[in-house]
Every structure is written in structure tokens, then in C-alpha cells.
Amino acid sequence: MAKMKVGKVGFSLIPEGVHVFKVVSCEDKYEDYDRVSYELQTSSGQKITNRFNFVDGKGEVNEIGTFYWSKFARACLNLGANEEPEIDFSDLVGCYVEAEVKHNTYIAKSGDHKGEEMTGANLVDKSYAPAKGFGSGEYRNIPDNIGD
């Protein structure tokens with residue numbers, strides 16, 4: 001009798017909540033486009049891309065993007081408040097970081113789903129925190145009703 005491996009179910013969004021991610025790759029486009037992006041992965045293999053633009057649409061320094069990249073880098077490298085090393089963007093590959101995932105809905109502007117309402121996952125920039133690796137508590141859901 002023949003056997004065949006059952007394939008994966010397909011794409012699924014990373015659930016909302018706080019997750020630990022490993023930085024698995026870096027796309028450094030700083031010299032050409034003033035931006036950098038990182039591919040992050042959960043312990044279960046789900047991936048999300050984290051992008052930082054260092055220049056805004058007016059061609060001026062994007063101080064907010066620079067601030068959040070610094071916060072991201074500090075969390076990845078577990079830097080103290082007074083540490084200000086100069087690092088290469090790729091130095092973050094292999095590091096772990098904790099961040100909150102939120103879902104957002106939008107209308108697709110192009111592609112096979114043009115005009116349809118879609119759901120995407122984004123990292124909450126202000127939620128970055130150091131992580132030592134994947135642990136048994138890799139996922140902590142934060143209920144919406146906290147503080148009610």
C-alpha cells in the first residue's frame with residue numbers, strides 16, 4: 001500500500017497576544033532605501049516581518065522609526081539603559097525578543113483578493129522586551145478586559 005505525507009494546513013495568523021520570537025534573518029536596505037526589515041519566527045515556526053523606515057515620505061529623518069528600531073535592538077541584545085553600542089543591523093539575527101501581536105483589518109488594494117477585507121498581524125512597537133529563548137511560556141494571551 002502506498003503512503004503519502006499529509007501537507008501542512010496552510011497559512012495561519014499568529015494569534016494575538018505576547019510571543020517570543022527569534023530573529024531569523026535581516027534584509028538590510030539602509031544604504032539604498034533607508035530601511036531594514038527582520039524576519040521573526042515563533043517556536044511553532046510561524047513568521048512575521050518587522051520593518052523599520054529611517055526616512056519619512058518627505059525625505060526627513062524618521063525619528064519615530066529610529067526610536068522603535070533602537071527599542072527593538074535594545075530588547076534583542078538585552079542592553080542596559082546607558083549602553084549605546086554601534087551595531088551592524090545583522091547583529092540581531094539569532095537574538096530573541098518578546099513582542100505583542102495585534103490583528104488589523106484592511107481592504108486589499110491589489111492581488112487575488114483585491115477589494116476584499118483581509119486580516120493581518122502586526123507587532124506592537126512599544127511592547128518589545130528581552131527574551132532568553134523559547135520557553136514553556138512562549139505564548140501569553142492578554143485579555144482585552146484587563147483593568148475593566
Side-chain angles (χ1 to χ4, degrees), residues 7-113 116-148:
K8 293 183 178 180
V9 173
F11 175 79
S12 64
L13 283 176
I14 297 171
E16 286 190 317
V18 176
H19 297 267
V20 171
F21 295 92
K22 181 177 184 179
V23 181
V24 293
S25 69
C26 170
E27 184 178 18
D28 179 355
K29 299 284 186 178
Y30 185 76
E31 289 188 20
D32 295 329
Y33 303 105
D34 298 306
R35 69 176 182 236
V36 64
S37 60
Y38 295 93
E39 187 175 52
L40 309 177
Q41 184 173 327
T42 65
S43 65
S44 63
Q46 291 178 295
K47 294 181 180 180
I48 191 167
T49 301
N50 201 10
R51 295 177 178 86
F52 298 94
N53 294 311
F54 301 107
V55 173
D56 64 19
K58 299 176 187 174
E60 298 173 3
V61 173
N62 180 355
E63 292 182 25
I64 295 169
T66 302
F67 172 81
Y68 283 121
W69 177 81
S70 293
K71 188 168 175 64
F72 175 73
R74 287 185 162 286
C76 286
L77 298 171
N78 196 19
L79 295 175
N82 294 324
E83 294 178 81
E84 294 183 14
E86 185 171 307
I87 64 168
D88 188 282
F89 291 118
S90 64
D91 290 345
L92 305 183
V93 174
C95 294
Y96 292 85
V97 64
E98 183 179 276
E100 183 179 0
V101 173
K102 284 283 192 186
H103 291 174
N104 63 307
T105 57
Y106 61 95
I107 304 298
K109 295 181 181 177
S110 61
D112 293 341
H113 300 283
E116 293 179 32
E117 184 174 276
M118 307 290 289
T119 301
N122 293 71
L123 296 180
V124 178
D125 293 330
K126 62 185 172 221
S127 70
Y128 302 130
K132 291 186 178 181
F134 297 127
S136 59
E138 191 263 329
Y139 171 67
R140 291 184 290 129
N141 190 23
I142 301 175
D144 292 334
N145 62 352
I146 287 181
D148 290 348

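Basis for what follows: all heavy atoms, side chains included, without hydrogens, waters or symmetry-related copies.
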From CG (D91) to SG (C76), nearest 0.5 Å: 11.0 Å

K102 vs N122, side-chain contact (heavy atoms from CB on, under 4.5 Å): CA-CA, chis, key distance, verdict: CA-CA 5 Å; K102 284 283 192 186; N122 293 71; 5.6 Å; no

Euclidean distance, D125 CG relative to N50 CG, rounded to 0.5 Å: 6.5 Å

Flag side-chain contact, heavy atom, 4.5 Å: Y30 against V36: no

Closest contact, heavy atoms only, A99 versus Y128: CB-CD2, 4.0 Å

Nearest atoms (heavy-atom pairs only) where A75 meets A129: CB-C, 3.6 Å

Over all atoms of both residues, closest heavy-atom pair of S127 and E100: OG-N, 2.8 Å

Interatomic distance, S44 atom OG to F134 atom CZ [nearest 0.5 angstrom]: 8.5 Å

D28 CG to R35 CZ distance, which is reported to the nearest 0.5 Å: 11.0 Å

Flag side-chain contact, heavy atom, 4.5 Å: I87 against L92: yes

Whether H19 side chain and Q41 backbone form a donor-acceptor pair below 3.5 Å: no

Check: Y68 ring centre within less than 6.0 Å of F52 ring centre: no

Nearest-0.5 Å distance, CZ of residue R51 to CG of residue L123: 11.0 Å

Check: F54 ring centre within less than 6.0 Å of F89 ring centre: yes

Parallel, tilted or perpendicular: rings of Y38 and F72 (30°, 60°): tilted

Close side-chain approach of V23 to L40, heavy-atom, < 4.5 Å: yes

More than 12 heavy atoms from other groups under 6.0 Å of CD on E83: yes

E84 atom CD: more than 12 heavy-atom contacts under 6.0 Å: no

Spatial distance of atom CD (E117) from atom OG1 (T105) [nearest 0.5 Å]: 4.5 Å

Check: N62 side chain, N53 main-chain N or O, donor-acceptor pair, under 3.5 Å: yes

Side chain to side chain, C95 and L77, heavy atoms closer than 4.5 Å: yes

Closest approach of A131 to E98 (non-hydrogen atoms, all atoms of both residues): CB-N, 4.0 Å

E39 side chain vs S25 backbone, donor-acceptor pair below 3.5 Å: no

Closest heavy-atom pair and its distance - H103, A121: CD2-CB, 4.0 Å

